[in-house]
Amino acid sequence: MLEFKNEIEEKVKELLDVDRPVSLETPSPERGDYALPCFDFASLLKKAPDVIAKELVQKIDLKRGDVEQSGPYINFSIDTSYLVENTLKSCLEGTFGRFPHKDESVIIEHTSANPNAPLHVGNARNPIIGDTLARIYRRLGFDVITEYYVDDMGRQVAILTWALDNIREDDLPEPDYNKPDHEMARYYQHASSMVEKDDEVLGAVQSLIQRMEEGDEEVIEAFIDYSKKVLEGHKDSLARLNIFQDSYKTESSLVLDGEVKKTVDELRESKVCGDEDGALYLPIGDDRIFLTRSDGTSLYPARDIAYHIWKSRRADRLIDVLGEDHKSHARIVKKALESLNISPLPSFIFYSFVSLEGEKMSTRSARSVWLDELMDNAEERAKEEILTRRDDLQPDQIEKSAREVGMGAVRFNIIRVQPEKHMDFRWEDALNFQGSSAPFVQYTHARACSILRKWGGDEEILKEQDGSLLDHESEIKLVKTIAKYPEVLLDSMENSAPHLMAKYAVTVASEFNLFYRDCPVLQGDEKTVSRLSLVKAYKEAISIILDTLGISAPEYM
RNA sequence: GGGCGUGUGGCCUAGUCUGGAUAAGGCGACAGCCUCCUAAGCUGUAAGUCGGGGGUUCAAAUCCCCUCACGCCCGCCA
């Protein structure tokens, strides 16, 4: 399909001899697969749009498709038997949706949550966007490293450290979960409110920060140690979402190995910075961003700049997934990197915050839904659903399927929304497994598996099918939709828009459901084998599409 | 106050970058479809001034200006 599109674009460009990019649109299906409105060329060629369309249609000759004029529009339709044969082949041979390896690497930084509390559904948006994006880049042939930047030297960790050394566990509530992040969050939350009320506690926390800055080994060790424990909790939660990071970089390592100091020195010499009482700052418009305190110790922006310099040595592209609260900060970091002639510069993908049933979510006020809690509820709900409709599955099959469906539902519910849009988390929506949801898509995979299981033949013979007997509208539409995958993949990457992949998954699944309704497979007639090959092809394709979203494809549910 | 972002049927969202042929899905509501490959499915109905106002254009949800609402940021915190 992508080939066909590219061919049209090239031919049109050549025939009209124009520089401007030819942008094709997708018309309603009965008109064709792609359409070109000719209004744009009217002023250029000094002819009426429908005349241009008419002339162009006569001249254009496509290898694998038809051209038709419709007033000022030209509609292009691909040769369906060619498309069917090729799409089936690529799915069945395992080449579907696989782009050639690019000699280009990208580091996608995501999650990078403060190591003071468990992940909640608000910051869960970050890993889900980041991991999905990573999967999209991998499919497109990039070498991808996903990285978690561990902020183990910040104020939040200082508060946590003070709390662990000064608060008795007896004074704290039971943890929500027996995981290190939940256990330690109790200390943090308790201390956090003390810091606000009690100046003595505030002073103690500040002195911890001071000692850490001065290189006090005992304090630094405590910071690193405690944040590591919280991080272990984050890793466990992420693993349940099928998210595994390739690399973890701690802020402390950048400070301890002198990387930060080196960067600060370079910035000081670069003349782009100002100096006030020994504190180094970067002028941005009328504002200034401080990089160091007047005692010379580094501030977060300086460390972040150092981190990005370190990253830039390791890849051709850098992408950071960040909450919208980091927007202005990130742009400043980028500006600083630019002035130091660092390449590649990072590009950012910002996501908006998640509110909870209409109200603001916050870890400190405990107005949040833990990711672990959401996962548990989703799995529990999935299990209930399975139990109401299946009585033929073994307990371990039920557990496995419930995990797959629950995890998918959570990921999908979050990735389906464009990152920059606000999200309001509602239990009702998150646990709704109908319509536009992961279970809807997964269900079609289970159905396809079920058909193949019931048939019971050797699936190898399906690979020989060319699909020439597939001519029903629902069959053709399903194949066409499957064949759109590479376009969606490219679109998602180019626009940093992973939600498009979620949208697409639902579209393909809907087409499968229509095929399922209109075209009975196991009728034992002459179409059975052709249709089985389409079912098998769909099963392979939807597995890959779900995998792009990090969602697994259950064999039964 | 300044900067950035968002505003599409009762609710959630796609489409906005790159303006085009009747504004697309889902949830909820209502009415139907399991003697037939899993009904987590399918079909139909009701429901829309694309926040509001101006402008550009043959053509605006989409581009420009103004305005309103909401979110985020504006620390020698991170």
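Values below: every heavy atom of this structure, side chains too, minus hydrogens, waters and symmetry copies. Just so it is clear: chains get the letters A, B, ... in the order the sequence lines come, proteins before strands, and each one is counted from 1.
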Trainee: What do the steps show when you test A/Ser492 against A/Tyr504 for side-chain hydrogen bond (donor to acceptor under 3.5 Å, both in side chains), and what is the final call?
Mentor: CA-CA 10 Å; A/Ser492 306; A/Tyr504 168 72; over 6 Å; no
Trainee: Report yes if a side-chain nitrogen or oxygen of A/Tyr516 is closer than 4.0 Å to either non-bridging phosphate oxygen (OP1 or OP2) of B/A39; otherwise report no.
Mentor: yes
Trainee: Considering only atom P, compute the distance from B/A46 to B/G26 and round it to an integer number of Å.
Mentor: 15 Å
Trainee: Considering every strand shown, what is the Watson-Crick or G-U wobble mate of B/A59 when both distances are under 3.5 Å?
Mentor: none
Trainee: Using atom C1' in both nucleotides, what's the gap between B/G52 and B/U6 to the nearest angstrom?
Mentor: 16 Å
Trainee: Select base, sugar-phosphate, or nothing to describe what A/Val535 touches, counting heavy atoms under 4.0 Å on all strands.
Mentor: nothing
Trainee: Which nucleotide sits closest to the side chain of A/Arg517: B/C12, B/C42, B/A14?
Mentor: B/C42
Trainee: With a 4.0 Å cut-off on heavy atoms, is A/Arg390 in touch with a base, just the backbone sugar-phosphate, or nothing at all?
Mentor: base
Trainee: Which nucleotide in the set B/C37, B/C72, B/U43 lies at the smallest distance from any side-chain heavy atom of A/Leu514?
Mentor: B/U43
Trainee: So which nucleotide from B/C37, B/U6, B/A78 ends up closest to the side chain of A/Lys421?
Mentor: B/U6
Trainee: What does A/Phe433 touch in the nucleic acid at a heavy-atom separation under 4.0 angstrom: a base, only the sugar-phosphate, or nothing?
Mentor: base
Trainee: Give a yes/no answer on whether the side chain of A/Arg303 brings an N or O atom under 4.0 Å of OP1 or OP2 in B/A78.
Mentor: yes
Trainee: For A/Tyr351, does the six-membered ring have the charged nitrogen or CZ of A/Arg125 within the cation-pi criterion, i.e. under 6.0 angstrom from the centroid and within 45° of the normal?
Mentor: no
Trainee: Against the six-membered ring of A/Phe433, is A/Arg381 placed for a cation-pi contact (under 6.0 Å from the centre, within 45° of the normal)?
Mentor: yes
Trainee: Considering every strand and a 4.0 Å limit on heavy-atom distances, what is the contact class for A/Ser28: base, sugar-phosphate, or nothing?
Mentor: base
Trainee: Hey, does A/Leu522 reach any base, or is it just sugar-phosphate, or nothing, if we go heavy atoms under 4.0 Å?
Mentor: base
Trainee: I'd like to know if A/Asp152 reaches the base of B/A78 with its side chain such that a donor and an acceptor end up less than 3.5 angstrom apart.
Mentor: no
Trainee: Using a 4.0 Å heavy-atom cut-off, does A/Phe350 contact any base of the nucleic acid, only the sugar-phosphate backbone, or nothing at all?
Mentor: nothing
Trainee: Can you check the distance between B/G10 and B/G48, where both ends of the measurement are the C1' atom (answer in whole Å)?
Mentor: 12 Å
Trainee: State, without any angle test, whether A/Ser355 and A/Asp424 hold a side-chain donor-acceptor pair at a distance under 3.5 Å.
Mentor: yes
Trainee: Just compare B/C72, B/G7, B/C70 and give me whichever is closest to any side-chain atom of A/His422.
Mentor: B/C70
Trainee: Between B/U22, B/C37, B/C11, which nucleotide gets closest to the side-chain atoms of A/Pro520?
Mentor: B/C37
Trainee: Give a yes/no on whether any side-chain N or O of A/Lys503 is located under 4.0 angstrom from OP1 or OP2 of B/G25.
Mentor: no
Trainee: With RNA chain B as reference, determine whether A/Pro27 or A/Ser437 sits nearer its 5' end, using the nearest nucleotide of each.
Mentor: A/Pro27
Trainee: Measure NE2/A/His445 against C1'/B/C37 and give the value in whole Å, please.
Mentor: 16 Å
Trainee: Give none if B/C72 has no partner; otherwise give the nucleotide forming a Watson-Crick or G-U wobble pair with it, both distances under 3.5 Å.
Mentor: B/G3
Trainee: Is the shortest side-chain N/O distance from A/Arg293 to OP1 or OP2 of B/A78 below 4.0 Å?
Mentor: yes
Trainee: Considering only side-chain heavy atoms of A/Arg447, which listed nucleotide, B/G41, B/C37, B/C76, is closest?
Mentor: B/G41
Trainee: Looking at B/G71, I'd like to know if its phosphate oxygens (OP1 or OP2) sit under 4.0 Å from a side-chain N or O belonging to A/Lys327.
Mentor: no
Trainee: Measuring from the side chain of A/Ser328 (C-beta onward, heavy atoms only), which nucleotide among B/C73, B/U43, B/A21 has the closest atom?
Mentor: B/C73
Trainee: Between A/Met153 and A/Met557, which residue's closest nucleotide on RNA chain B lies nearer the 5′ terminus?
Mentor: A/Met557
Trainee: Please work out if A/Phe440 contacts a base, only the sugar-phosphate, or nothing of the nucleic acid, heavy-atom cut-off 4.0 Å.
Mentor: sugar-phosphate
Trainee: Is the A/His326 ring parallel, tilted or perpendicular to the A/His329 ring (thresholds 30°, 60°)?
Mentor: perpendicular
Trainee: Which listed nucleotide (B/U18, B/A78, B/C42) is nearest to the side chain of A/Asn495?
Mentor: B/U18
Trainee: Kindly label the base of B/C34 as syn or anti, based on whether its glycosidic torsion lies within 90° of 0.
Mentor: syn
Trainee: Is B/G10 paired to anything, Watson-Crick or G-U wobble with both distances less than 3.5 Å, and if yes, which nucleotide?
Mentor: B/C27
Trainee: Sticking with atom P, work out how far B/G41 lies from B/G19, rounded to a whole angstrom.
Mentor: 37 Å
Trainee: Looking just at side-chain N and O atoms, do A/Ser252 and A/Asp152 make a donor-acceptor pair shorter than 3.5 Å?
Mentor: yes
Trainee: May I ask you to evaluate whether A/Asn114 reaches the phosphate of B/A78, defined as a side-chain N or O under 4.0 Å from OP1 or OP2?
Mentor: no
Trainee: List the residues meeting salt bridge (Lys or Arg N to Asp or Glu O under 4.0 Å) with A/Arg517, not counting sequence neighbours, and say none if there are none.
Mentor: none
Trainee: Which value, in whole Å, describes the distance between the P atoms of nucleotides B/G53 and B/A61?
Mentor: 13 Å
Trainee: Can you tell me which nucleotide in B/C72, B/U22, B/C37 comes closest to the side chain of A/Ser450?
Mentor: B/C37
Trainee: Give me the distance, rounded to whole Å, that separates B/A47 from B/A31 when you measure between the C1' atoms they each carry.
Mentor: 16 Å
Trainee: OP1 or OP2 of B/C4 versus the side-chain N and O atoms of A/His326: is any pair under 4.0 Å?
Mentor: no
Trainee: So, does A/Gln418 get its side chain near the phosphate of B/U13, meaning an N or O under 4.0 Å from OP1 or OP2?
Mentor: no
Trainee: What is the nucleic acid contact for A/Ala35, judged by heavy atoms within less than 4.0 Å: base, sugar-phosphate only, or nothing?
Mentor: base
Trainee: For A/Tyr149 and A/Tyr307, I'd like to know if the aromatic rings sit close, meaning centre-to-centre distance below 6.0 Å.
Mentor: yes
Trainee: Give me the distance, rounded to whole Å, that separates B/U22 from B/G15 when you measure between the C1' atoms they each carry.
Mentor: 15 Å
Trainee: For nucleotides 27-36 of chain B, list the nitrogen or oxygen atoms of the protein found under 3.5 Å from its nitrogen or oxygen atoms, one pair per line.
Mentor:
{"residue": "B/C27", "atom": "O3'", "partner": "A/Asn432", "partner atom": "ND2", "Å": "3.3"}

Trainee: With a 4.0 Å cut-off on heavy atoms, is A/Leu291 in touch with a base, just the backbone sugar-phosphate, or nothing at all?
Mentor: nothing
Trainee: As a test of understanding, state which of A/Glu214, A/Glu213, A/Gln206 forms a side-chain hydrogen bond (donor to acceptor under 3.5 Å, both in side chains) with A/Gln210.
Mentor: A/Glu214
Trainee: Could you tell me how far B/U13 sits from B/G32 if I compare only their C1' atoms? Round to whole Å.
Mentor: 27 Å
Trainee: For the residue pair A/Asn513 and A/Ser510, confirm or rule out a side-chain donor-acceptor distance under 3.5 Å.
Mentor: no
Trainee: Scan A/Cys519 against the nucleic acid and name what it touches under 4.0 Å (heavy atoms): base, sugar-phosphate only, or nothing.
Mentor: base
Trainee: What nucleotide, of B/A21, B/U22, B/C12, holds the atom closest to the side chain of A/Ser70?
Mentor: B/A21
Trainee: With both distances under 3.5 Å as the test, what is the Watson-Crick or G-U wobble partner of B/G32?
Mentor: B/C42
Trainee: Is the ring centre of A/Phe76 less than 6.0 Å from the ring centre of A/Tyr34?
Mentor: no
Trainee: Does a salt bridge link A/Glu9 with A/Lys13, judged by any charged N lying under 4.0 Å from a carboxylate O?
Mentor: no
